[in-house]
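Here the structure comes first, spelled out in structure tokens, and everything after it is commentary.
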Amino acid sequence: MKAELISIGDELLIGQTINTNAAWLGMELSLRGISVSRCTVISDDKQAIIATIDRAMNEADLIIVTGGLGPTKDDITKVVLCEYFNSKLVMNSSVLERITRYFEDRGRQMLDVNIQQAALPENCTVLENIVGTASGMWFEKDGSVLISMPGVPFEMKSIMKEQVFDRLKERFHVKSIYHETILLQGIGESFLADRMKDWENRIREEGLSLAYLPSVGSLKLRITSSRGEVDQSVIENYFQELEKQLPQYVYGRGEESLSEVVGKLLLQNGKTVGTVESCTGGTLASAFVSVSGSSDYYQGSFLTYSNELKQKLVQVSSTNLKKNGAVSREVVEEMAINGRKNLSVDFCISTSGIAGPNGGTDEKPVGTVWIAIASSKGVYSHRFLFGNNRERNILMTVLSALNLLRCQLLGITDKN
């Protein structure tokens with residue numbers, strides 16, 4: 001079967017908002033055996049909406065429309081769909097009750113425009129929105145299904161997961177595709193592909209597909225079976241093989257974050273951690289505290305962006321700074337050792353580098369970063385050379401620091 005995605009919003013056309021809805025829907029639908037043949041972005045304009053939907057209804061079995069369901073006057077999707085499907089708006093009492101409760105629970109005044117969100121096309125199947133006020137709508141015409149969804153990503157995803165995917169499976173009798181994802185840090189896709197080419201060839205020879213999904217500082221590998229869960233154990237065996245060969249890079253599965261993985265290891269081992277940051281400017285601390293319950297193992301941080309604060313807060317010697325510079329093994333190790341003492345933690349991670357785009361030299365180009373980890377066993381440090389982009393360099397430093405700590409907690413020493 002064929003599906004088409006239509007995203008409505010002037011903010012998408014001018015680049016003010018990135019269309020993440022289409023990306024998420026495309027991925028989720030493909031995993032359920034539904035092929036997306038076209039993605040279209042249009043303005044909040046009646047004629048554009050009608051023309052696009054009319055063409056899509058003639059070409060696709062499933063059309064999913066996102067956007068234009070808010071309470072303001074420029075949100076015209078509901079009214080246009082009501083006209084297109086030759087219906088009328090009627091007040092839905094259960095939806096009105098839910099919206100009323102939504103505002104009461106938050107101590108906010110409900111305006112008439114909010115009440116009007118409970119007025120929905122008479123001939124649609126209402127898809128309840130439990131996290132917002134704009135309901136989804138399911139229409140059927142001439143064998144095709146059109147689903148209208150709010151444009152707010154977390155609201156759209158909630159409705160799709162709770163109410164739409166099961167309906168689609170029943171309506172179109174599609175067979176779900178089974179897939180699993182494994183997560184790596186510190187290795188590029190080309191290097192991995194070359195190193196594991198025999199492993200990859202065996203996967204493809206077995207009728208499975210392998211996708212490389214790189215992002216800044218990390219890499220996802222997804223193995224997919226068109227035969228469904230029958231291949232679950234086969235895929236698991238391939239992932240275990242990869243973990244055995246590359247434990248220094250493989251850190252998790254599915255949607256786990258590296259911060260979550262490291263946090264679990266710290267809890268399991270009864271250890272605490274703190275940070276002393278220079279080039280990352282608190283981003284490493286933020287990565288730790290982004291995980292619920294991190295106060296059980298994360299103690300705090302010293303933000304020592306200047307040399308003066310490196311000396312004052314973590315007692316880095318002025319002689320060391322003058323001789324070796326802030327971006328050096330000697331300084332970053334002293335930051336970690338003294339930070340561990342001052343924070344009274346089992347592990348202390350320190351970072352110092354040249355994030356860029358300015359400040360590099362021939363000896364220490366932009367992207368040069370030192371990371372050190374001090375523990376009861378001593379101090380370990382590693383030099384990285386990233387790129388020229390400041391934001392990427394900071395993120396890659398954070399991920400590399402987390403992975404180095406993961407390796408220490410697991411006793412992994414091979415960094416090759």
Side-chain angles (χ1 to χ4, degrees), residues 185-186 217 248-249 251 258-259 261-263 265-266 269 271-288 297-355 359 363-386 393-416:
Q185 196 285 322
Q248 69 274 38
Y249 302 122
Y251 70 83
L258 189 48
S259 300
V261 171
V262 171
L265 289 172
L266 287 164
N269 287 276
K271 301 297 183 181
T272 57
V273 66
T275 51
V276 180
E277 301 183 60
S278 184
C279 65
T280 45
T283 314
L284 180 55
S286 179
F288 276 111
Y297 53 83
Y298 183 73
Q299 298 300 297
S301 177
F302 290 115
L303 180 54
T304 60
Y305 207 65
S306 68
N307 285 351
E308 289 75 18
L309 284 182
K310 288 181 178 65
Q311 296 176 71
K312 183 177 181 179
L313 297 179
V314 287
Q315 296 78 52
V316 176
S317 71
S318 58
T319 302
N320 190 357
L321 284 164
K322 290 177 182 177
K323 179 181 178 181
N324 300 296
V327 183
S328 63
R329 179 193 298 273
E330 292 79 8
V331 166
V332 79
E333 288 188 353
E334 195 170 3
M335 289 166 64
I337 292 169
N338 295 340
R340 179 173 177 267
K341 294 177 183 177
N342 294 350
L343 291 168
S344 299
V345 291
D346 297 302
F347 293 91
C348 183
I349 310 174
S350 61
T351 63
S352 187
I354 305 169
E363 183 183 358
K364 300 176 183 178
V366 170
T368 301
V369 173
W370 277 97
I371 299 172
I373 300 179
S375 69
S376 60
K377 297 180 179 179
V379 60
Y380 169 84
S381 59
H382 191 83
R383 177 181 179 272
F384 296 87
L385 182 59
F386 299 129
N393 288 342
I394 292 173
L395 178 55
M396 292 176 76
T397 301
V398 168
L399 292 174
S400 299
L402 289 170
N403 196 42
L404 286 177
L405 178 57
R406 180 188 69 86
C407 289
Q408 287 212 6
L409 288 164
L410 292 173
I412 298 170
T413 58
D414 180 16
K415 299 298 184 293
N416 297 318

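Only a predicted model underlies this, so the values are computations on that prediction, with no experimental measurement involved.
Atom CG in Leu265 sits 13.0 Å away from atom OH in Tyr251 (nearest 0.5 Å). For the atom pair Ser350 OG and Trp370 CH2, the distance stands at 11.0 Å (nearest 0.5 Å). Atom NZ in Lys322 sits 10.5 Å away from atom CG in Asn307 (nearest 0.5 Å). Here the straight-line distance linking atom OG of Ser278 with atom CD1 of Ile354 works out to 10.5 Å at 0.5 Å rounding. Ile373 CD1 to Ile349 CD1: the interatomic distance, rounded to the nearest 0.5 Å, is 5.0 Å.
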Using atom types as modelled, flag every donor-acceptor pair under 3.5 Å from a side chain in residues 395-407 to any protein atom, sequence neighbours excluded.
residue : atom : partner : partner atom : Å
Thr397  : OG1  : Asn393  : O            : 2.7
Ser400  : OG   : Gln185  : NE2          : 3.4
Ser400  : OG   : Met396  : O            : 2.7
Asn403  : OD1  : Arg406  : NE           : 2.7
Asn403  : OD1  : Arg406  : NH2          : 3.0
Asn403  : ND2  : Gln185  : OE1          : 3.2
Asn403  : ND2  : Gln248  : O            : 3.0
Arg406  : NH1  : Pro247  : O            : 3.4
Arg406  : NH1  : Val250  : O            : 3.0
Arg406  : NH2  : Pro247  : O            : 2.9
Arg406  : NH2  : Gln248  : O            : 3.2
Arg406  : NH2  : Val250  : O            : 3.4

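Between the Asn320 side chain and the Glu330 main chain, a donor and an acceptor come within less than 3.5 Å of each other. Looking only at distances, a side-chain donor or acceptor of Ser352 sits under 3.5 Å from a matching main-chain atom of Ala326. Side chain of Ser259 to backbone of Ala287: a donor-acceptor contact under 3.5 angstrom is found.
Shown here for Leu343 and Gly274, the closest heavy-atom pair between the two residues is CD1-CA, 3.9 Å. Listed here is the closest heavy atom pair of Val369 and Ile371: CG1-CG1, 4.0 Å. Minimum heavy-atom separation, Thr351 to Met335: O-CE, 3.6 Å. Nearest approach of Leu303 to Gly282, heavy atoms of both residues: CD1-N, 3.7 Å. Cys279 and Tyr305 make their closest contact through CA-CE1, 4.2 Å (heavy atoms, listed as atom of the first residue, atom of the second, distance). Residues Tyr297 and Lys271 approach most closely at CB-O, 3.5 Å, considering heavy atoms.
Under the 30°/60° scheme for interplanar angles, the aromatic rings of Tyr298 and Phe288 are found to lie parallel.
For the pair Asp346/Thr272, a side-chain contact is recorded, criterion being any heavy-atom separation below 4.5 Å from C-beta on. Using a 4.5 Å heavy-atom cutoff, the side chains of Arg340 and Ser376 are in contact. At least one side-chain heavy atom of Lys364 sits under 4.5 Å from a side-chain heavy atom of Ser328. You'll find the side chain of Leu309 stays beyond 4.5 Å of the side chain of Phe302, heavy atoms only. Considering only heavy atoms from C-beta on, Val276 comes within 4.5 Å of Thr304 through its side chain. Side-chain contact between Arg383 and Thr368 is present, with heavy atoms from C-beta onward closer than 4.5 Å. Within the 4.5 Å cutoff, the side chain of Glu277 has heavy atoms near those of the Ser301 side chain.
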task: I would like to know whether Asn342 and Leu313 meet side-chain contact (heavy atoms from CB on, under 4.5 Å); could you show each step before the answer?
output: CA-CA 9 Å; Asn342 294 350; Leu313 297 179; over 6 Å; no

task: I would like to know whether Val345 and Val273 meet side-chain contact (heavy atoms from CB on, under 4.5 Å); could you show each step before the answer?
output: CA-CA 5 Å; Val345 291; Val273 66; 5.6 Å; no

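Neither side chain, Asn338 nor Gln315, offers a donor N or O lying under 3.5 Å from an acceptor on the other.
Checked against Gln311 for a side-chain contact (heavy atoms from CB on, under 4.5 Å), the options Ser318, Ser306, Ser317 give a single hit: Ser318.
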